[in-house]
Amino acid sequence: MQNKGLDAQGYIAPEGALGRVPREFRPVVAMARDRVLDVFGARLDSAYLYGSIPRGTARVGRSDLDLLLVLREEPTEEDRADARSLDEALDKEFAQIDGSGTLLVSRTRLLSDLERYDLGWFVACLCTRLLGEDLAEYLPRYRPDSLLARETNGELALFLPRWRERIAGAADTEEARRPLVRYMSRHLVRTGFTLVMPRWNGWTSDLREMAEAFAVYYPERADEMRAAAVLGYEPSGDLAVLRSYVDDLGPWLAEEYARVHGVKAPRPDQPQGA
């Protein structure tokens, strides 16, 4: 039996396509394409969609628009400001989406050896080309192995201090904490899944499926991961949940990940948590 998310040769199959974009989101995607060209023009090399919209699983009023823009040069502060303005405009104009987020990276970095099993894999398997050249043509095919696991999610320990700062600095309201619960829940579930991905030998982007795959190998933590998957889709603003993430589940997962797969190769601009 062929495992989920893999092609007949056992490689991770691209998960999105423009033809899968739900009808309600097609005007959003069309406008995003036009606005990206207007805003970035000659600076742009390629543009991609990722997330629930190109997978065809987006929910009206609940899902966000996710964009990756590959620039010809390293992104500047002006580029980042333009991306923020683009996101704000799209979010304001379209009630179908609950926010818009645009990632920026240079073509050189994306195609570098250092990023081959992180950003490269992301573009080749999780992104759908919207504009420009499809850089997946320059990248290898990917299997759900330990190298991929290490390089995609092997840096959780670096994120935890920044997460604690964000929790401490958030306003003491449900509304302020809800985005943190959503983001951290998703990050932990995805990390838990890629921890077991080589043994499960498949790929999925569905948080609930990720949690169930994890549960097979870590039944003692299964309930926590299942709860995090639910909160990744329907977040609360519960401070106790956030504290459990940074004081218990997160540190345990970071330690177990390093034990099983090792630590992600350091980057020149090592992230400290988004």
Side-chain angles (χ1 to χ4, degrees), residues 2-23 25-58 63-76 79-80 82-83 86-87 90 97 100-145 147-149 151-153 190 194 197 202-206 265 267:
Q2 183 177 325
N3 282 14
K4 183 176 177 64
L6 305 183
D7 64 19
Q9 288 76 45
Y11 295 102
I12 297 174
E15 66 174 16
L18 291 180
R20 296 179 191 167
V21 174
R23 176 178 53 82
F25 291 92
R26 290 173 191 167
V28 187
V29 171
M31 183 59 72
R33 181 193 293 113
D34 292 344
R35 295 274 176 82
V36 165
L37 278 174
D38 289 343
V39 171
F40 288 91
R43 290 177 286 173
L44 184 71
D45 185 283
S46 305
Y48 299 85
L49 288 173
Y50 67 96
S52 61
I53 291 179
R55 289 199 303 266
T57 59
S63 298
D64 52 1
L65 175 70
D66 296 307
L67 296 167
L68 171 67
L69 306 186
V70 182
L71 305 183
R72 299 187 187 281
E73 306 292 340
E74 286 298 319
T76 65
D79 295 326
R80 295 186 180 94
D82 285 344
L86 172 68
D87 289 333
L90 290 169
I97 58 173
S100 176
T102 299
L103 301 178
L104 302 177
V105 66
S106 71
R107 178 188 175 106
T108 298
R109 177 167 181 175
L110 177 64
L111 296 179
S112 68
D113 289 343
L114 188 62
E115 295 294 346
R116 179 159 295 181
Y117 289 89
D118 189 5
L119 286 171
W121 164 77
F122 180 66
V123 164
C125 298
L126 306 190
C127 288
T128 298
R129 184 178 66 88
L130 190 61
L131 291 164
E133 185 179 20
D134 190 355
L135 300 181
E137 296 178 3
Y138 299 94
L139 296 164
R141 302 172 77 190
Y142 297 88
R143 296 186 187 276
D145 57 19
L147 172 60
L148 182 61
E151 291 304 303
T152 55
N153 282 311
R190 288 166 179 157
T194 50
M197 176 182 66
W203 175 260
T204 178
S205 284
D206 184 281
R267 269 52 177 170

Test log, rule side chain to side chain contact (heavy atoms under 4.5 Å, CB included), inputs Val105 and Leu71: CA-CA 6 Å; Val105 66; Leu71 305 183; over 6 Å; no
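- The backbone N or O of Ala265 lies less than 3.5 Å from a partner atom in the side chain of Glu151, making a donor-acceptor pair.
- In terms of heavy atoms, Ala58 sits closest to Ser63 at CA-OG, 3.4 Å.
- A distance of 15.0 Å separates OH in Tyr142 from CG in Leu6, rounded to the nearest 0.5 Å.
- Expressed to the nearest 0.5 Å, how far OG1 of Thr152 lies from CG of Leu119 amounts to 11.0 Å.
- The minimum heavy-atom distance linking Trp203 with Thr194 is given by the pair CZ3-CG2, 4.2 Å.
- One distance of note links CZ of Phe40 with OG1 of Thr102; it measures 7.0 Å at 0.5 Å rounding.
- The shortest side-chain heavy-atom distance between Leu148 and Arg143 does not fall under the 4.5 Å cut-off.
- In plain terms, the two heavy atoms of Ala124 and Ala136 that are nearest each other are CA-CB, 3.9 Å.
- Ile12 is listed as a side-chain neighbour of Pro144, based on a closest heavy-atom distance under 4.5 Å.
- The 12-atom threshold is exceeded at CD of Glu74, counting heavy atoms of other residues, nucleotides or ligands nearer than 6.0 Å.
- Panel note: side chain Arg80, backbone Leu104; no donor-acceptor pair is recorded below 3.5 Å.
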For Arg43 and Asp82, what are the C-alpha separation, side-chain angles and deciding distance, and is it a side chain to side chain contact (heavy atoms under 4.5 Å, CB included)? CA-CA 12 Å; Arg43 290 177 286 173; Asp82 285 344; 3.0 Å; yes
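- Scanning all heavy atoms of the two residues, the minimum distance from Ala42 to Arg72 falls at O-NE, 3.0 Å.
- Side chains of Leu130 and Leu18 form a contact here, defined as non-hydrogen atoms less than 4.5 Å apart.
- Residue Val36 comes nearest to Ala47 through the heavy atom pair CG1-CB, 4.3 Å, listed as atom of the first residue, atom of the second, then distance.
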Is there a side chain to side chain contact (heavy atoms under 4.5 Å, CB included) between Val21 and Val28? Walk through the geometry before answering. CA-CA 10 Å; Val21 174; Val28 187; over 6 Å; no
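- Between the Thr76 side chain and the Asp79 main chain, a donor and an acceptor come within less than 3.5 Å of each other.
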Show, in sequence, the C-alpha distance, side-chain angles and deciding distance for Leu65 and Leu49, and conclude whether the side chain to side chain contact (heavy atoms under 4.5 Å, CB included) test is met. CA-CA 8 Å; Leu65 175 70; Leu49 288 173; 3.7 Å; yes
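- Stacking of Arg129 on the aromatic ring of Tyr48 is not recorded, the 6.0 Å distance cut-off and the 45° axial limit not both being met.
- Rounding to the nearest 0.5 Å gives a distance of 5.5 Å between CG of Asp145 and CG of Leu147.
- Interatomic distance, CZ of Arg109 versus CG of Asp118, reported as 8.5 Å (0.5 Å rounding).
- Using a 4.0 Å cut-off between charged nitrogen and carboxylate oxygen, Asp38 and Arg35 do not count as a salt-bridge pair.
- Rounding to the nearest 0.5 Å gives a distance of 8.0 Å between CE of Met197 and CG of Asn153.
- In terms of heavy atoms, Pro54 sits closest to Arg20 at O-CB, 3.3 Å.
- In terms of the side chain to side chain contact (heavy atoms under 4.5 Å, CB included) criterion, residue partners of Glu133 (sequence neighbours excluded) are, by chain and number, Ser46, Arg107, Leu135, Tyr138.
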